[in-house]
Structures are given as structure tokens and as C-alpha cells.
Protein chains: 2
Amino acid sequence: MHADTPRRTAADQPAQRIATMLQLLQDALPLQKRLVHAGDVVCQVGQPFQCLYVVNAGFFKMVNLSDEGREQVVGLHFRGDWLGLDGIATGRYGCDAVAMDTGEVWAIPYDTLIEASIRTPALLGALHQAMSRELARDHDSMASLCTLPADARVAGFLRYWADAVSQRGLRADEITLRMTRAEIGNYLGMTLETVSRALSRMARGDVIRFKEKGRRDIQIPKVEALTTFMQQARTPSAALALH
Amino acid sequence: MHADTPRRTAADQPAQRIATMLQLLQDALPLQKRLVHAGDVVCQVGQPFQCLYVVNAGFFKMVNLSDEGREQVVGLHFRGDWLGLDGIATGRYGCDAVAMDTGEVWAIPYDTLIEASIRTPALLGALHQAMSRELARDHDSMASLCTLPADARVAGFLRYWADAVSQRGLRADEITLRMTRAEIGNYLGMTLETVSRALSRMARGDVIRFKEKGRRDIQIPKVEALTTFMQQARTPSAALALH
DNA sequence: CGGTTGATTGATACACATCAAACCCCGTGG
DNA sequence: CCACGGGGTTTGATGTGTATCAATCAACCG
């Protein structure tokens, strides 16, 4: 893993797309920039919908408060993602957007966005792409919730995270989860103990490694090993290796 | 349950919204109408994205072919819903849209829609609402997949279906599922046997009734009974009534 | 240093999957 | 007409993946 200068890797394309989109927004709109810290709530379920928020830095979880207080993480968002999209239809936000780290979001009043899109049609493209992408991502999440066993879901989660950061131009072989096991488990539909066990199994199989002093930083020597781990987790066949 | 003339029930508002939107599309766009029958594929995963489709009649399932052939139903769509939205971002459809009954969709080239939206801005509102609504719906699905036990998920599915048809102006106390138990189970992340058992339990508790000669038609005497059934299914407490 | 929060690991329980058998309904064709 | 076959559904017996309960441990912090 020598640090070769990355020229035009496959990950560059999304990075370019995100950078271009953020630039477009800055040029075409008066943005209200807002700094956030871990735990800050960007927009809250039930509040009247006014603004969309675009993530310029940091990362965020979307939390759905289902009926009686039960919290459910329904999405994770990184730089370039939009927050608050599910408020357009009803006029009220459908989720809390909670910062998991210090970061910055740009508030864009929806009305302003629509107006500006007359002069700058590319704004619509950006919005539509963001929504469409989230739809596709949600479908993938549902598929993995429905079909994959716990181990495979955790592996898929790590792969998703690694993809997300690598698409943003960061190194993906060493990720630092800014979520507790409980939050991960909530997002993946399992308990924190199951998350912990899955990670332990992956570490035992050398699919991942924990950085010394802290089990939040995870090294991923080979991202494709996650994929193979997912596949073999689906079949109970070769479960005998490493009891 | 005497047939009182429904004046301005709560369900009228969505019905009005859908009718208005369909009218808007007809007035503002040259629509390519397309009749479909059960099993027809409206748009197929991997095909280049050109058109969005709006459901004018019938009902549709969205199927995600995950990696190796494994089919996953990720959404159900009724009159007024849009199909193919997850193709905007990538330029290729992300799901198959399969008709579950005879129906009609209106094909709308995306480019045409965007152009027309300059003259008729309301078109954008319709598109954005459709996408936003689906996002919110997906989040609800994820929450129920993650938190609810099988019985509650099935009950929630019936309630969702009943809501959907009642919002389209049809009677909701007697719904005919046009899906097999296997399809329902696939959508809800459980096996067909579990779906069957859940329905049997609900029938035993008189939450639903099967119409004679055929277990696809389900009577729902009181829709709110589904909600209470969901809640008591979540707590293993009162599970002793009716072994 | 104790106190707190998060993580790991083990023992046990249970919800659901799996396997299997029987049934119902419906269309087809002798 | 009934025999036959096949897809869909129901129900039961058994197995298993994961939740639950509980104890221990590691890191952080005032």
C-alpha cells in the first residue's frame, strides 16, 4: 500500500461531480452557511419545511422517530448529500438530521432554489440527482435488511462507508466510525451485541483490523475482502473455518 | 358499517391531489399512454433512463435484482405514483417496475418534463412531491423492517394498503391483494409461511376476515384494529390470549 | 482515583426460517 | 363429467440466527 499519486482512479469521477455541484450552488445561490458540532440537529421532524441543506463538511444521520419515541436511523449522509428532502411533499420534515461530527451545511430555501433554477437549470439537475440517488440507496438498504444475515449487513455497512469516503477523495483503507455500536445496530436492524460480534469475526478472519487503543478506528486492508466476506456469510456452508 | 355518503372525509384530500396532478400532466405534456397487463415490465433495471412513468391505473411493484439474481421487492405503487425515479441519477433504471394487474402508465421523457416545467412550474412541484413522498415512505419501510416483529409488519402492510386505496377513493374495508404470500413476504423481509401465519392469527383475532372461496380477498372491519394489533404484537405480553 | 460510557464475550431464550405434508382452488383434457 | 396436475396456501415439527440477559473489560475524564 505505497502512496502512489492517485491519477484518475474510478473514485475521482464522483469526487469531481460533488465538487462541481457544490461550486454550482455557491455561484448560483445566496447560501446560508451553518457550522455544526456533533449532536447538533440540523432540521427536526415535524418542523415546517423551508430549507434544504447541503452537506459541505462533516457527516450526518437521519433519524426517524417512529410513533412512540422509538428512534430509527434511516440514512447516513456525507459531503455533497442533501438533507431534508422528505419534507417537500408534506411541508414538514420527516426526519431529524443530526450531525455526528463538526461540519458545515448550507441552508437553501426551497422557494429560492426553484426560482433560481429558472436562470440556472443545472440546479434542478443537482436536486434531482440527489433525490434519485437517495432513493436508489434506500432501495439497496431495504434489500440488504430483507435478505442478508447480520454479518453480511455489517460488512456491507463498512463497504458502503468505505465507498462513501473514497468517493469524497479520502483514503478508504482506514475509516473511523463516528457511531457507537448501538447506532450502527439501529441503522442495520440488529442489536449492538450482534454488531460487536460481527466485527470481531471479521477481525478474526483478518477482513478488518482494529487500530490499537480504540475500537472505533477500523483498517480495511482489502476492500474486496469485505465483499467476499459478505458472500460467504450468506451461505452457512464455509462457516466452519474459524469457529 | 352503513353506506353513508362520504362528504369530505380525510381521505378526500389526497384523492383530490392525485386527480389534480394527473390533470395537470395531461394538460401540460404530450403523454405517451401505455396499457399494461399483469406481469408486464414497464421499465427494466440497467436500461438507459429516458422516461418517467406515472401510474394512471393499476398497481405496480418495484423489484431490485440484487447482485446474483436474488429478487427483492422494494416498493409498491398505485395510481398517481411515479415510476423510474431512481434512474435519474445514474442514467439507468435501478429497478424493474412490474405491473401486478392491468393498468395504464403515462410515459414522460425526462427532458421533455424539464423543458415543460419552464412554462408550467407546477410540474416541478408534482415531480418533487412524488420523489419526496417516496423517500418518506422508504424511511417508514426501513423503520418497520428494523423494529417491528413479523406480525406487526404484516399488519402494517395491510394498513398501508388500505390507506393507499382509500386515498384513491376506493373502499378500504375490503381489499384484494394481488400479490402472493411469497411476494408479500419478500417485500416485508420474511418467508411466505410467516406471512400466512400472521394473517391466520389476525383472522383468529377477528382483525381481518377472509372472503369465502379465496384467501386473497381480505375484509378489514375496522382499520384501527390493525393499529392496535400492531402495538400488541410489539409487546410479547398479551400474547397468551388465543394461543 | 473512582465513575461513566462504550465494547466485548458468554449463556440462554425465543422468533422466525426451514422442512414437510396436506389442502384448496382452478384450468385442462381425456 | 371426473381425473389429473400445478400453483398457491395453510399448518405442524424442528432447527437456527439473533435477541436478551449478564458479567467483564477498556478508555476517557473530572
Side-chain angles (χ1 to χ4, degrees), chain A residues 38-39 70 100 144-155 157-158 176-204 208-218 230 232-240 242-243, chain B residues 38-39 70 100 144-155 157 176-205 208-218 230 232-240 242-243:
Chain A
R70 223 109 196 72
M100 304 294 285
S144 91
L145 284 173
C146 283
T147 65
L148 299 184
D151 280 14
R153 293 215 291 280
V154 176
F157 167 76
L158 291 180
T176 64
L177 304 179
R178 290 175 179 78
M179 305 171 71
T180 66
R181 302 288 190 260
E183 283 171 316
I184 297 171
N186 181 298
Y187 177 52
L188 298 178
M190 66 189 74
T191 60
L192 66 95
E193 292 96 328
T194 302
V195 175
S196 178
R197 280 184 243 268
L199 289 174
S200 296
R201 267 188 289 271
M202 279 188 258
R204 221 168 298 150
I208 63 172
R209 284 175 205 160
F210 290 114
K211 284 196 70 175
E212 50 198 320
K213 300 276 185 196
R215 310 152 266 348
R216 292 288 251 286
D217 295 1
I218 292 180
M230 283 181 69
Q232 79 190 36
R234 193 162 358 180
T235 63
S237 59
L240 22 94
L242 272 290
H243 86 112
Chain B
R70 222 109 196 70
M100 303 294 285
S144 92
L145 283 173
C146 284
T147 64
L148 300 184
D151 280 14
R153 292 215 292 280
V154 176
F157 167 76
T176 63
L177 304 178
R178 289 176 181 77
M179 304 171 72
T180 67
R181 303 288 190 261
E183 282 171 317
I184 297 171
N186 182 299
Y187 177 52
L188 297 177
M190 65 190 73
T191 60
L192 67 94
E193 292 96 328
T194 302
V195 175
S196 177
R197 279 184 243 267
L199 290 173
S200 295
R201 268 187 289 270
M202 280 187 257
R204 222 168 299 151
I208 63 171
R209 284 177 204 157
F210 290 114
K211 285 196 67 176
E212 49 198 321
K213 301 276 185 198
R215 308 149 264 2
R216 293 287 251 286
D217 295 2
I218 293 181
M230 283 180 69
Q232 78 190 36
R234 193 161 357 178
T235 63
S237 59
L240 23 95
L242 272 292
H243 84 112

*Determine the contact category for B/Thr191: base if any of its heavy atoms lies under 4.0 Å from a base atom, sugar-phosphate if only primed atoms, P, OP1 or OP2 are that close, otherwise nothing.*
base
*Partners meeting side chain to side chain contact (heavy atoms under 4.5 Å, CB included) with A/Arg70 (sequence neighbours left out)*: A/Ser66
*Whole-Å gap separating C1' (D/dT18) and CG (A/Leu145)*: 15 Å
*Determine: side-chain N/O of A/Ser200 to OP1/OP2 of C/dT9, distance under 4.0 Å, yes or no.*
yes
*asked:* I want to confirm an ordering. Mapping B/Thr194 and A/Thr194 to their closest nucleotides on DNA chain D, which one lands closer to the 5' end?
replied: B/Thr194
_Tell me the interatomic distance from B/Arg181, atom CZ, to D/dT11, atom C1', rounded to whole angstroms._
13 Å
*By salt bridge (charged side-chain N to carboxylate O under 4.0 Å, His left out) - contacts of A/Glu183 (at least two apart)*: A/Lys61
*State which residues pass salt bridge (charged side-chain N to carboxylate O under 4.0 Å, His left out) with B/Arg209; sequence neighbours excluded, sorted by chain then number.*
B/Asp206
_Quick check on contacts: within residues 146-154 of chain B, what sits under 4.0 Å from DNA chain C by heavy-atom distance?_
B/Pro149, B/Ala150
*Could you list the residues that satisfy side chain to side chain contact (heavy atoms under 4.5 Å, CB included) with A/Ala38, not counting sequence neighbours?*
none
*With sequence neighbours excluded, what pairs up with A/Thr194 under the side chain to side chain donor-acceptor pair (under 3.5 Å) test?*
A/Thr191
_Holding to salt bridge (charged side-chain N to carboxylate O under 4.0 Å, His left out), I want the full list of residues that pass it with A/Arg178, two or more places apart in sequence or in another chain._
A/Asp101
*asked:* With rounding to the nearest 0.5 angstrom, report the CZ to CG distance, B/Arg181 to B/Leu199.
replied: 5.0 Å
*Rounded distance (Å) that lies between atom C1' of C/dG10 and atom CZ of A/Arg201*: 13 Å
*Tell me: CZ of A/Arg204 to P of C/dT8, nearest whole Å?*
11 Å
Atom pairs under 3.5 Å: protein N/O with N/O of nucleotides 19-24 of chain C:
from, atom 1, to, atom 2, distance (Å)
C/dC19, N4, B/Glu193, OE2, 3.1

*Between B/Phe210 and A/Gly189, which has a closest nucleotide on DNA chain D that is more 5'?*
B/Phe210
*salt bridge (charged side-chain N to carboxylate O under 4.0 Å, His left out) with B/Arg201: which residues, sequence neighbours excluded?*
B/Asp151
*To the nearest angstrom, how far is B/Asp217 atom CG from D/dG8 atom P?*
16 Å
*How many Å lie between CD1 on A/Ile184 and C1' on C/dA7, as a whole number?*
11 Å
_Taking A/Met179's backbone N and O only, do any of them form a donor-acceptor pair with A/Arg216's side chain (distance below 3.5 Å, no angle check)?_
yes
*Find the distance A/Arg216:CZ to D/dC28:P and express it as a whole number of Å.*
11 Å
_Nearest-angstrom distance from the residue atom CG of B/Leu192 to P of C/dT18_ = 10 Å
*Contact class for A/Leu199 (heavy atom, under 4.0 Å): base, sugar-phosphate, or nothing?*
nothing
